Amino acid sequence: MSKYNSLWEYVQNNGKQSFKLTFEEIQNIAGIAIDHSFLKYKKELIDYGYEVKKISMKEQTVIFNKIG
């Protein structure tokens with residue numbers, strides 16, 4: 001079980017083609033702050049039908065895109 005499972009389920013249940021979450025929103029959903037390990041864990045999102053399109057450190061946001 002991944003430490004980001006609750007985030008992946010949120011993203012999957014969102015259902016939108018593309019959307020943006022702030023680091024703060026991700027922390028509220030996942031219950032943990034986003035950190036460097038997110039780069040490794042983001043690969044798991046493919047199993048939920050989504051991918052991480054862009055991570056902006058400047059804006060502190062992550063853009064998620066539906067696959068397919």
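What you see is a predicted model; the values in this text were computed from it and never measured.
- Here the CG atom belonging to Leu7 is positioned 10.0 Å from the OH atom belonging to Tyr48, to the nearest 0.5 angstrom.
- Annotation for Tyr4 and Ser37: closest pair OH-OG, 4.2 Å, computed over non-hydrogen atoms.
- In the hydrophobic clustering of ILVMFWY residues, with side-chain heavy atoms under 4.5 Å counting as a link, Trp8 and Ile67 come out apart.
- The distance from atom CD of Glu44 to atom NZ of Lys3, rounded to the nearest 0.5 Å, is 10.0 Å.
- Here the NZ-OG distance, from Lys42 to Ser2, works out to 14.0 Å after rounding to the nearest 0.5 Å.
- When atom types are taken as modelled, the side chain of Ser56 and the backbone of Thr61 share no donor-acceptor pair closer than 3.5 angstrom.
- Taking 4.5 Å as the limit, some side-chain heavy atom of Ile63 sits within range of a side-chain heavy atom of Lys20.
- Taking NZ from Lys43 and CD from Glu51, the interatomic distance works out to 14.0 Å, rounded to the nearest 0.5 Å.
- Put simply, CD1 on Ile34 and CD1 on Ile55 are 6.0 Å apart, with the number rounded to the nearest 0.5 Å.
- Shortest non-hydrogen contact noted between Ala30 and Ser6 is CA-OG, 3.3 Å.
- Under a cut-off of 6.0 angstrom, the local environment of CD in Gln27 is crowded, with over 12 non-hydrogen atoms contributed by other residues, nucleotides or ligands.
- Asn65 CG to Leu45 CG: the interatomic distance, rounded to the nearest 0.5 Å, is 10.0 Å.
- Grouping the Ile, Leu, Val, Met, Phe, Trp and Tyr side chains by contacts below 4.5 angstrom, directly or via other members, places Ile46 apart from Val62.
- For the pair Gln12 and Phe64, the minimum side-chain heavy-atom distance is 4.5 Å or more.
- Between Tyr50 and Phe19, the two ring planes are perpendicular [angle over 60°; tilted spans 30° to 60°].
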